[in-house]
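Working notes, structure below.
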Amino acid sequence: MNKHLEAAQNAVPEITDYERRKTLVETKLSELPSTGSPDDAASAVAAEAVSTYLDTGEWPADAEERARAAYIDAVAADAITRELVGLRAQFIQGHELKRIVLAHSSEILAHLDGQLRDVLEAVRKELDALGDVRTAEEAINAPKAALEAYKRVVALVPELTGIREAASTVMYRTVDVTGPHSPLAHAQRDGWGHVRGAAVPDAHVDDVAAGRFTLDHLVWLAQQPDAYVPTDASEFIDARQAHRAALTEDGTTPREEDPYGDAPLVINVKKDSHA
């Protein structure tokens with residue numbers, strides 16, 4: 001799993017408890033001794049008793065009691081195993097986890113927003129030393145302080161990528177309409193959802209739409225006071241639609257032809273998408 005998404009989900013107590021229970025089921029199953037069927041367990045005791053009787057001529061006094069106990073123990077062990085196996089199957093299917101994640105999507109996205117703020121704050125601390133350096137070649141030829149700043153900022157680009165991937169994964173779980181022609185996909189391709197109320201610059205659109213986050217974009221983002229992770233998919237879909245409507249009014253051509261024409265883009269957010 002994406003480490004940023006895992007951290008955000010683990011910040012939700014209900015998800016943490018789910019993972020705890022899942023681990024306990026696996027642990028208990030690994031601890032259970034392998035047992036045969038109740039009939040086999042009782043038969044093994046009976047066979048031992050008969051063998052003793054044939055060898056000694058004396059019937060073991062506790063044979064019936066031990067056979068009965070073996071049968072009952074095997075029935076109990078089989079019932080426990082079947083119950084745990086059934087629970088493990090439910091955990092593997094993951095339906096309950098999907099329900100919990102959907103119910104707490106806003107909390108998860110808010111945690112991802114916090115992760116983004118931490119990354120951007122780390123970048124801001126390097127901006128003075130970094131200066132205009134944006135490439136490895138420029139960094140090599142720059143003063144040592146700029147080179148070191150470049151190395152630290154480059155190391156944060158994968159962090160931004162992971163946070164954006166995690167946010168996209170969560171938001172797609174909360175909408176009823178998905179796919180390349182969905183309102184959510186169009187908003188992301190137009191560069192929305194990075195800075196509140198605005199799209200990214202034209203020069204960044206193709207990269208961020210494809211999930212390619214560069215050092216240049218990260219530095220630009222760190223300089224935007226309204227950089228964020230949306231906590232609701234409809235938030236930036238609505239912003240994108242309002243922007244397109246304004247462009248239509250002033251005669252400007254939007255970046256991307258909208259397959260929905262001039263009709264408003266409607267998004268149905270799942271009813272239980274919020275805690």
Side-chain angles (χ1 to χ4, degrees), residues 2-5 7-8 105 108-124 126-127 130 132-136 138 150 152-175 177-247 252-260 265 267:
N2 177 304
K3 69 176 184 179
H4 300 280
L5 179 56
S105 61
I108 295 169
L109 289 166
H111 191 281
L112 290 169
D113 183 66
Q115 293 182 37
L116 175 67
R117 292 177 187 278
D118 290 342
V119 169
L120 297 184
E121 182 58 32
V123 174
R124 292 184 188 109
E126 307 293 342
L127 291 180
L130 183 66
D132 296 330
V133 173
R134 296 293 182 271
T135 67
E138 292 172 347
Y150 174 83
R152 287 189 287 268
V153 175
V154 163
L156 293 171
V157 174
E159 300 299 301
L160 174 63
T161 301
I163 291 168
R164 291 302 189 197
E165 287 178 351
S168 182
T169 296
V170 174
M171 284 187 285
Y172 270 102
R173 291 172 179 168
T174 69
V175 297
V177 180
T178 59
H181 297 295
S182 67
L184 178 55
H186 277 288
Q188 289 181 316
R189 283 200 298 272
D190 266 3
W192 294 81
H194 302 267
V195 176
R196 192 179 302 278
V200 300
D202 289 343
H204 297 188
V205 171
D206 289 343
D207 281 337
V208 299
R212 296 188 299 265
F213 295 96
T214 63
L215 179 141
D216 190 46
H217 174 72
L218 176 56
V219 170
W220 171 83
L221 196 65
Q223 296 171 321
Q224 309 308 308
D226 293 327
Y228 78 132
V229 171
T231 55
D232 189 299
S234 62
E235 179 179 356
F236 71 100
I237 292 174
D238 290 344
R240 183 249 186 186
Q241 186 59 25
H243 176 70
R244 289 179 63 87
L247 292 179
T252 305
T253 302
R255 286 174 176 163
E256 178 183 358
E257 191 63 29
D258 194 336
Y260 295 88
L265 295 182
I267 180 172

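Not measured: the values here are computed from a predicted model.
- Closest of all the heavy-atom pairs between H181 and H186 is O-CD2, 3.5 Å.
- Atom-to-atom distance recorded for Q223:CD and L218:CG is 10.0 Å, nearest 0.5 angstrom.
- Remark: the backbone N or O of E165 is not paired with any side-chain donor or acceptor of S168 at under 3.5 angstrom.
- Two residues are said to be in side-chain contact when any heavy atoms from C-beta on lie closer than 4.5 Å; D190 and R244 meet this criterion.
- For the pair G211 and T161, the tightest heavy-atom approach, listed with the atom from each and the gap, is O-CG2, 4.1 Å.
- The CG atom of L112 lies 6.5 Å from the CG atom of L5; values are rounded to the nearest 0.5 Å.
- At least one donor-acceptor pair closer than 3.5 Å links the side chain of Y150 to the backbone N or O of A136.
- Residues L156 and L120 form no side-chain contact, since every pair of their non-hydrogen atoms from C-beta on lies 4.5 Å or further apart.
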* Apply the test side chain to side chain contact (heavy atoms under 4.5 Å, CB included) to residues N2 and T169: give CA-CA distance (whole Å), side-chain angles for both, the deciding distance (0.1 Å), then the verdict. => CA-CA 10 Å; N2 177 304; T169 296; over 6 Å; no
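- Of all heavy-atom pairs spanning P230 and M171, the tightest one is CB-SD, 4.2 Å.
- Under the 4.0 Å criterion applied to side-chain N and carboxylate O atoms, D207 and R212 are assigned as salt-bridge partners.
- Of the possible donor and acceptor atoms, one in the side chain of Q115 sits under 3.5 Å from a partner among the backbone N and O of H4.
- Ring orientation note: the planes of H204 and H217 are nearly perpendicular, at an angle over 60° on the 30°/60° scale.
- Inter-residue side-chain proximity for R196 and E235 is flagged as met; some heavy-atom pair is nearer than 4.5 Å.
- Aromatic ring pairs are classed by plane angle as parallel below 30°, tilted from 30° to 60° and perpendicular above 60°; the pair H194 and F213 is tilted.
- The neighbour count for D132 CG, taken as heavy atoms of other residues, nucleotides or ligands under 6.0 Å away, does not exceed 12.
- T174 and A233 get closest at one heavy-atom pair: OG1-CB, 4.1 Å.
- Side-chain atoms of L215 and V219, non-hydrogen and from C-beta on, do get closer than 4.5 Å to each other.
- Scanning both residues, R124 and A222, for their nearest heavy atoms gives NE-O, 2.6 Å.
- With a 4.5 Å cut-off on side-chain heavy atoms, L116 and L160 count as touching.
- If you take CG on L109 and CD1 on I163, they are separated by 12.0 Å, rounding to the nearest 0.5 Å.
- Side-chain contact between V208 and T214: absent, with no pair of heavy atoms (C-beta onward) separated by less than 4.5 Å.
- Distance alone, capped at 3.5 Å, is enough to place a donor-acceptor pair between the Q224 side chain and the W220 backbone.
- Using a distance-only test at 3.5 Å, with no hydrogens or angles considered, a donor-acceptor pair links the side chain of E138 to the main chain of T135.
- The shortest non-hydrogen separation linking A185 to P180 is CB-O, 3.6 Å.
- Between E159 and K3, the closest side-chain pair of non-hydrogen atoms falls below 4.5 Å.
- Looking at D232 and S234, their side chains do bring a donor and an acceptor atom within 3.5 Å of each other.
- The shortest distance between side-chain heavy atoms of R173 and S105 does not fall below 4.5 Å.
- Residues W192 and H243 bring their aromatic ring centres within 6.0 Å.
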